[in-house]
Amino acid sequence: MSSYIAKTLQGLEPVLAKELKQLGATDVKESNRAVLFEGNLKVLYKANYHCRTALRILKTLKSFDIKTQDDLYDQIFDMPWEKIFPVDALMTISATCIDSVFTHTRFVSQRVKDAIVDRFRRVFGQRPSIDNEYYTIRVELFMRKNHCELMLDSSGLSLHNRGYRKPHSEPFTEVLAAGLLDLSGWTPGKNLLIPFCGNGILAIEAAMRASNMPAGYYRKGYSFQYWNDFDPNLWKELKEAAIKEIRDPEGEIVAIDADGLEMEKTEALLKRIRLHLDVDLQLADFMEGQKPEGMESAGGWTVIIRMPRFDSPGTFEAEDFYTQAGNVLKHHYVGAQAWVFSTEEDVIKFVGLKPDRKCMVWENKTEARFYGYRIQ
């Protein structure tokens with residue numbers, strides 16, 4: 001059994017902990033923007049392939065204390081790196097320092113890199129290459145004061161990059177979308193409406209979950225596949241077993257938007273990944289009270305609204321938008337469980353409804369609110 005750290009967005013720690021337990025992880029403990037757990041290779045592979053709310057899965061290699069710069073080098077050099085990954089790896093180093101004896105993280109990264117390549121030179125007479133963009137191996141060091149945690153990233157590219165669209169750095173990610181779906185209480189089989197569907201990420205994540213499709217189904221690879229202890233037979237077995245569990249979804253997933261161009265882009269993406277039959281895309285203006293075709297009653301539906309960002313959130317324009325959205329819910333969606341996601345703290349109150357649930361979630365580095373309303 002090995003120790004691992006699964007990173008996530010602040011506010012999604014309970015959701016990720018639940019996912020990891022379902023996958024067989026043991027000694028699961030929530031932390032700040034992370035969940036600690038233990039498991040074997042099978043658990044590690046499944047965590048990367050299945051977890052919808054994890055950003056990275058890190059394997060803990062070593063914990064130690066230092067007093068000097070030489071202590072750091074010696075501790076890193078003493079690791080049997082040649083047994084962990086091959087000498088022809090493309091490597092990158094990430095370091096975080098908080099109140100430590102070091103003042104510059106770049107210097108720490110350099111010392112870690114020096115120790116690792118020097119170790120390989122001693123053993124093989126050659127060294128790994130450094131590539132910060134197309135790396136296969138990522139080593140991470142977290143240092144608080146004089147205590148260090150040395151970790152090996154098993155994921156590589158952040159897990160919010162599912163593989164069904166190009167890697168990106170948008171604040172609203174697949175991980176956040178999946179987390180909101182879970183926090184809302186929506187489960188496969190229930191009807192789901194997504195107004196302002198935009199790029200369709202919420203709808204796609206819902207369709208994948210409704211189909212029991214693994215989060216990494218479209219993804220090409222992970223860093224653990226470049227480790228010396230990688231078990232290709234186990235990996236193949238786990239993937240094949242997961243794919244056999246994919247099923248036709250039940251319940252309705254409806255996504256609407258008033259922007260025809262955005263709808264066309266979303267439809268093209270859904271067709272490319274063959275989920276166009278699982279999401280009902282409709283051109284409709286939610287703010288005008290237009291309900292999707294086929295919705296006779298909103299009873300039993302979950303409605304998730306991701307509010308747009310305003311350049312000046314305290315303006316009348318923003319307040320009026322939230323007020324109008326609340327009025328549409330009150331007059332057209334009686335019986336629904338509605339959720340509003342907003343990064344605008346000062347104006348969400350203008351929805352004019354009393355939330356029965358409140359969740360605080362971070363959209364990248366921005367604190368956001370996710371409020372649930374039972375429309376009666």
Side-chain angles (χ1 to χ4, degrees), residues 11 171-172 176-177 179-187 190-203 205-206 251-263 266 279-363 366-376:
F172 192 86
L176 180 53
L180 297 184
L181 288 168
D182 193 279
L183 289 173
S184 74
W186 175 82
T187 55
K190 292 184 178 180
N191 293 333
L192 174 68
L193 172 64
I194 304 171
F196 316 126
C197 70
N199 60 13
I201 300 307
L202 260 171
E205 290 296 314
E252 296 289 331
I253 299 174
V254 182
I256 64 174
D257 205 296
D259 189 331
L261 291 177
E262 285 296 319
M263 294 294 284
T266 301
V279 177
D280 183 6
L281 286 178
Q282 296 187 28
L283 189 64
D285 192 340
F286 174 83
M287 297 297 282
E288 292 297 325
Q290 295 178 6
K291 293 169 67 175
E293 294 181 9
M295 178 188 281
E296 297 179 1
S297 168
W301 282 73
T302 300
V303 180
I304 299 180
I305 302 173
R306 178 195 171 196
M307 287 296 196
R309 285 178 176 267
F310 288 87
D311 294 334
S312 301
T315 63
F316 176 77
E317 180 188 8
E319 295 175 5
D320 185 60
F321 188 92
Y322 278 70
T323 300
Q324 186 177 349
N327 288 334
V328 170
L329 289 172
K330 283 184 284 188
H331 294 119
H332 298 276
Y333 291 91
V334 175
Q337 177 67 45
W339 287 83
V340 173
F341 175 81
S342 173
T343 57
E344 319 291 1
E345 176 183 2
D346 296 331
V347 294
I348 192 170
K349 61 185 177 183
F350 288 99
V351 170
L353 297 166
K354 183 178 180 180
D356 59 345
R357 283 190 60 193
K358 294 183 178 181
C359 302
M360 308 302 291
V361 187
W362 284 70
E363 185 187 70
T366 303
E367 187 179 45
R369 277 122 183 101
F370 192 46
Y371 288 0
Y373 308 90
R374 195 169 297 280
I375 312 300
Q376 299 176 335

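Reckoned from all heavy atoms, side chains included, excluding hydrogens, waters and symmetry mates.
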Non-hydrogen atoms of [X] and [Y] that approach each other most closely:
X	Y	answer
Val279	Ala255	CG1-CB, 4.2 Å
Asp285	Gln290	N-OE1, 2.8 Å
Phe321	Pro308	CE2-CD, 3.6 Å
Leu183	Arg357	O-NH1, 3.0 Å
Leu176	Pro171	CD2-O, 4.3 Å
Gly352	Lys330	O-NZ, 4.0 Å

Distance in Å, [X] [atom1] paired with [Y] [atom2], rounded so as to fall on 0.5 Å steps:
X	Y	atom1	atom2	value
Thr266	Asn199	OG1	CG	6.5 Å
Ile305	Met287	CD1	CE	8.5 Å
Ile256	Met295	CD1	CE	8.0 Å
Lys190	Leu181	NZ	CG	12.0 Å
Ile304	Trp339	CD1	CH2	8.5 Å
Leu192	Asp280	CG	CG	11.5 Å

Problem set entry | Heavy atoms from other residues, nucleotides or ligands near NZ of Lys349 exceed 12 (cutoff 6.0 Å) |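 Atom NZ in Lys349 is not packed in, count stays at 12 or less.
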Is a side-chain N or O of [X] found less than 3.5 angstrom from the main chain of [Y], in a donor-acceptor match?
X	Y	value
Gln282	Val254	no
Arg306	Ala177	no
Asp257	Cys197	yes
His331	Asn327	yes

Exercise. Considering only heavy atoms from C-beta outward, does the side chain of Phe341 approach that of Phe172 to under 4.5 Å?
Worked result: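 Yes, close enough: below the 4.5 Å cut-off.
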Exercise. Would you say Arg309 and Thr366 make side-chain contact, with heavy atoms under 4.5 Å?
Worked result: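 The answer is yes; the side chains approach within 4.5 Å.
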For this session: Flag the pair Phe286 / Tyr333 as yes when their ring centroid distance falls below 6.0 Å, and as no otherwise.
Result: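 Yes; Tyr333 has its ring centre under 6.0 Å from that of Phe286.
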Distance-only check: which donor-acceptor pairs under 3.5 Å involve side-chain atoms of residues 368-376, not counting sequence neighbours?
| residue | atom | partner | partner atom | Å |
| --- | --- | --- | --- | --- |
| Arg369 | NH2 | Glu345 | OE2 | 3.3 |
| Arg374 | NH2 | Gln337 | OE1 | 3.2 |

